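These notes concern the structure reproduced below.
Owing to the predicted nature of the structure, the values given are computational and were not obtained by experimental measurement. Residue numbers start from 1 in every chain, and the chains themselves are labelled A, B, ... in the order their sequence lines are given, proteins ahead of strands.
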Amino acid sequence: MEKLARAHVLVCGGTGCSSSGSKEIIPELRDNLKARGMDAEVKVVETGCHGLCELGPLVIVYPEGVFYVRVKPSDVDEIVENHLLKGRVVERLLYKEPATLATVPDYDDIAFYKKQKRYALVNCGHINPESLDEYIGADGYEGLAKTLSMTPEEVIGEIKKSGLRGRGGGGFPTGSKWQFTRGAAGDKKYVICNADEGDPGAFMDRSVLEGDPHRVLEGMIICGYAVGADEGYIYCRAEYPLAIKRLQGAIKQACEAGLLGCDILGSGFCFTIHIKEGAGAFVCGEETALMASIEGRRGMPRPRPPFPANSGLWGKPTNINNVETFANVPSIMRDGGDYFASQGTETSKGTKVFALTGKINNTGLAEVPMGITMREIIYDIGGGIPNGKKFKAVQIGGPSGGCLPEQLLDLAIDYESLTKAGAMMGSGGLVVMDETTCMVDVARYFLNFTQDESCGKCTPCREGTKRMLEILNRICDGKGTEDDIPLLESLAKSIKAGSLCALGQTAPNPVLSTLNFFRHEYEAHIRDHKCPAGVCTAFAGYTITDLCRGCGLCKKVCPVDAISGEVKGRHVIDPGRCIKCGACQTKCPFKAIDKG
Amino acid sequence: MAIRSLDDLRKIKESARQATSARHESGTQVIVGMGTCGIAAGARTVMTAILDEISRRGIQNVSVMQTGCIGMCQKEPLVDIVRPGEPRVTYGNVGPEDVPRIISEHLVNGRIVTDLVVAKL
Amino acid sequence: MGEKFTESEMARLDELLADLGSQKGTLIPILQKAQDIFGYLPREVLIRISEKTGTPLSRVYGVVTFYAQFHLNPRGRNIVRSCQGTACHVRGAKAILSELKKQLGLEGDETTTKDLRFTLETVACIGCCGLAPVIMVNDETHGRLVPDSVKGILEQYS
């Protein structure tokens, strides 16, 4: 039997923390503990993502639950010597609240986590994702055991009772979806987990796959039992190598333990799961395109009906849900649908994971009850806007979504309220923008994305997004005309009405939403030839102020030799040559270069 | 190992729970003084003995913690036992041989080992 | 054309085709693994895949050109992916990309350096938004970048 460890050191091994250096911390810790003969009593565990990626690498020491941030390999010795050996907390590595700068030693007291309700993410960061035992120790596979003692109809009833809706964007009621697949004629059926998380700005599915892969498998097995399928596919983007590795490991463990394969838990039910790697096409997040891709074809959507529930993968009835949806299923089955339904709003039950990014202090993942306000997410959990800048808007729902301006910060968030405000839940990516973000540029950014990712099958999407992008480029380049805004609006209407799949139908949303709330910025570009946020380079001009000390750095960095001046003398920019790249401003150590 | 039934699952869950018990809130605490003086007096062997004894008996819901010097250096190694709702009891001059007695008498059965006690807070 | 790949590479391809060629829905995995062997997907390889799997060459080309992951031309030893996701965009990804191009000496639409040391691509989002702006070199992610960090990162890869 494994010896009881008095202390556990949890080191975040999520993609965020790994790239800020957690990979070097783990061996350093193990070596240091070993050198002191403490390796048997202190256990080092590599976990999945804790969600507070901004402050990574994160290290948590139990039993005290002390939370260390931005830990470097050189800090390891101090943590071992002082904390693990002598019981003294290392103050300088503690988390500080961005608002008050107060240090907070205890994980549970940190504002970022306090308002969260971790349901799908409950294990992320708290268990070793590569250990089946730890998942089982955290109530894992109990929902499956309970499921197998019920009839499939009862299972679907429980999911319906929970009120769970699809977390991938559409928000379709999960129980009803399962019911359709169960009711479809045919003896061969499939379950697909959509892990092709493509929305720029969303990474919750990645965190669940990396941090708690067994939860997703358990959700899929339960679904297979309920709909009458014996085979499942996980379609995961190839850009997520760690997630794929963890899933492969988890599938292997589950097969060896008899939790996948034949006669699961002695129930007679059989289920297998395969992984399919995506090949880099955003449109494959659309369910019919995804199935075409699994079948080895170009990932292009097809008209519905028939819906996948009746004719899906290889023409067989197929149930598709996304990662976060499946991650909610095991706990719903274990605790019953009523508990889940007690959270959230009238129409949107439970919790939702949001990815907080952009101009916000605490970037990371936050799981909150539906019905919370955007203000609570951005200011209480996210810690507000950095560098004293003013909030302008939050973009929600990725390329299909829209922006919410300051006056809508107190809106209670659920599927319906967001759609009504011209945005959408989407996958839950929140990108915060401050006064230095140009909303026309943001709209152009999204159109550029959808234009690039349009599969080209239907004309409204293929041609329409291209024309819209051309207009937006024109406006940003200072060549917009008064007719451009109505033209954008009429194109948007046609594309929404005429496109084949959700990619095209929602592609104009970022433009419509910014036109709705920030029309004055479009007008400023067109009429006044100004970019109010100072982003669009066509309108920018750089000048050097008398703060210049003549260090010459700007001259060196300028790619077109537009800057001249003597050492220790004030430098000047030749506006005729300047290409407005802004490199000089970034480089200037004296903040002597103004943009205007 | 193959999991064939809910009972098998529960068994794995129990042992996994104990293995990760340090990460859960627990009622009872064992605190070992690990300042320079404590370590010099042999606190580390006492700590190891405590961990061995707890795993051997399969006791759940206990966290073993360490603390710095509390200024009673002549009585080191010091071990405190805190049971929920009861006063904190400090034992002094603890050796590894005293550990089984402290664990079985006090931690499990709530009877203070009077001959080793130095203070009650 | 012709003598660019070795007998052993072709043998590995045949082995792969013998393994997966007859199963349904395996065209994409075959192409992924073939690209792992050759580094890209040369014409000869696509013809061989078409012949052995009985898939029309036009369909094989259709799939290859549809997905961003597949490449018809040789690529650098190190793949640099510059993230252009929303979070990276608002935190200055453009400046990182132009610094990458400058450091690698790439102009216009060029993606691969002449010495085949690097290939530079953009990617819509690598899901590491918390550390924006980020780039990925091979399988390693580098985050919280400023243009000045680029040079040092590239130097780590030969």
Side-chain angles (χ1 to χ4, degrees), chain A residues 15-16 18-20 51-54 56 197-203 205-207 237-241 276-282 293-300 314 355-359 363-365 395 398-399 429 431-433 437 442 445-446 449 452-453 455 559 581-583 586-587, chain C residues 20 23-33 35 53 55 59-70 81 83-95 98-99 102 121-132 134-144 146-148:
Chain A
T15 296
S18 300
S19 58
S20 12
L52 194 53
C53 313
E54 173 70 21
E197 183 174 55
D199 274 12
F203 54 101
D205 291 350
R206 163 180 218 152
S207 283
R237 37 190 324 228
E239 287 89 341
Y240 287 181
K276 281 274 175 178
E277 270 184 54
F282 174 73
S293 182
I294 292 183
E295 291 171 10
R297 295 184 284 123
R298 287 166 73 100
M300 299 222 240
W314 287 299
L356 295 179
T357 60
K359 308 285 182 68
T363 56
L365 286 182
Q395 210 281 344
V431 185
V432 179
M433 296 161 184
T437 313
V442 166
Y445 166 80
F446 281 115
F449 177 84
D452 208 35
E453 295 292 348
C455 78
C581 67
T586 324
K587 197 80 189 178
Chain C
L20 291 173
Q23 294 171 39
K24 65 174 177 179
T26 49
L27 180 58
I28 292 173
I30 288 172
L31 291 168
Q32 284 168 334
K33 295 201 167 93
Q35 186 163 280
T53 60
T55 315
R59 232 197 93 198
V60 176
Y61 261 94
V63 170
V64 170
T65 52
F66 183 83
Y67 294 100
Q69 199 189 44
F70 298 124
R81 293 187 177 89
C83 182
Q84 304 295 309
T86 326
C88 290
H89 179 78
V90 302
R91 285 203 187 181
K94 267 189 209 159
S98 55
E99 181 67 19
K102 188 175 146 199
E121 331 180 305
T122 58
V123 52
C125 181
I126 52 182
C128 202
C129 318
L131 301 177
V134 296
I135 64 170
M136 208 166 157
V137 185
N138 305 330
D139 276 348
E140 289 170 28
T141 317
H142 301 268
R144 295 194 194 108
V146 291
D148 279 354

List for me each residue that meets ring-ring contact (aromatic ring centres under 6.0 Å, His included) alongside A:Phe282, sequence neighbours excluded, and say none if there are none. A:Phe449
With chain A, which of C:Val60, C:Thr26, C:Asp148 has the greatest number of heavy-atom pairs at distances under 4.5 Å? C:Asp148
Pairs touching residues 61-70 of chain C that satisfy side-chain hydrogen bond (donor to acceptor under 3.5 Å, both in side chains), sequence neighbours left out: A:Ser293-C:Tyr67, C:Gln32-C:Gln69
Under 4.5 Å to a heavy atom of chain C? For A:Asp199 that would be backbone
Can you tell me how far the CD atom of A:Gln395 sits from the OG1 atom of C:Thr86, to the nearest 0.5 Å? 6.5 Å
Structural part of A:Glu54 lying under 4.5 Å from a heavy atom of chain C: both
Partner chain C: residue of A:Pro399, A:Ala355, A:Gly398, A:Gly278 with the largest heavy-atom pair count (under 4.5 Å): A:Gly278
Let me know if C:Arg81 has heavy atoms under 4.5 Å from chain A in its side chain, its backbone, both or neither. neither
Minimum heavy-atom distance between C:Ser98 and C:Ala95, given as atom pair plus value: OG-O, 3.2 Å
Go through A:Pro200, A:Ala279, A:Gly429 and name the one with the most non-hydrogen pairs under 4.5 angstrom from chain C. A:Ala279
Quick one: does any side-chain atom of A:Glu239 pair with a main-chain N or O of A:Gly280 as donor and acceptor, under 3.5 Å? no
Cut-off 4.5 Å, heavy atoms of chain C, and the answer for A:Ala202 is backbone
Contacting moiety of A:Arg297, where chain C heavy atoms sit under 4.5 Å: both
Would you say A:Arg237's side chain and A:Glu197's backbone share a donor-acceptor pair under 3.5 angstrom? yes
